[in-house]
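Inspection log for the structure reproduced underneath, given as structure tokens.
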Amino acid sequence: MGKEAYFAYIAEGLEESMVDWSEVMKFQGKNGSLFNSPAATAAALVHRYDDKALGYLYSVVNKFGGEGKNCFSL
């Protein structure tokens with residue numbers, strides 16, 4: 001994983017002023033997630049609404065009954 005991808009992955013834990021969410025969203029996968037991570041995807045969704053990200057999070061809830069995990073099988 002390159003430096004930019006790593007920064008995007010940890011963006012959920014950084015101060016708002018340190019994150020360009022437009023750049024982070026460049027790493028969004030076909031399934032709507034960021035790195036197949038519900039936490040990273042939810043953090044991005046809080047800061048920048050995206051239909052695909054919301055769809056991914058709904059799919060996690062539907063699959064796991066609310067117990068979000070790092071869902072590589074989605």
Side-chain angles (χ1 to χ4, degrees):
M1 185 182 311
K3 185 169 74 172
E4 292 171 344
Y6 178 74
F7 182 76
Y9 184 71
I10 64 166
E12 66 186 273
L14 299 175
E15 291 182 31
E16 178 66 26
S17 62
M18 296 179 69
V19 180
D20 180 350
W21 290 101
S22 298
E23 290 296 313
V24 170
M25 294 307 288
K26 290 180 181 178
F27 295 96
Q28 186 176 37
K30 290 180 182 180
N31 65 356
S33 76
L34 288 171
F35 310 103
N36 292 311
S37 168
T41 305
L45 186 62
V46 166
H47 297 286
R48 181 179 177 157
Y49 181 81
D50 182 88
D51 286 331
K52 292 189 299 184
L54 183 60
Y56 169 77
L57 293 173
Y58 275 129
S59 72
V60 170
V61 170
N62 288 332
K63 185 169 184 172
F64 295 103
E67 296 181 21
K69 301 178 180 172
N70 204 6
C71 308
F72 290 102
S73 61
L74 287 177

Non-hydrogen atoms of [X] and [Y] that approach each other most closely:
| X | Y | answer |
| --- | --- | --- |
| Arg48 | Ser22 | NH1-OG, 2.7 Å |
| Ala40 | Leu34 | O-CD1, 3.7 Å |
| Ala44 | Met25 | CB-SD, 3.8 Å |
| Asn31 | Ser33 | OD1-OG, 2.8 Å |

hydrophobic_cluster_shared for Val46 and Val24, side chain cutoff 4.5 Å: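 Different hydrophobic clusters.
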task: To the nearest 0.5 angstrom, please state how far the OG1 atom of Thr41 sits from the CG atom of Asn36.
output: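 One gets 8.0 Å once the value is rounded to the nearest 0.5 Å.
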- request: Using modelled atom types only, decide if a donor and an acceptor are shared between the side chain of Ser59 and the backbone of Tyr56 within a distance under 3.5 Å.
  value: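 Such a contact is found between Ser59 side chain and Tyr56 backbone.
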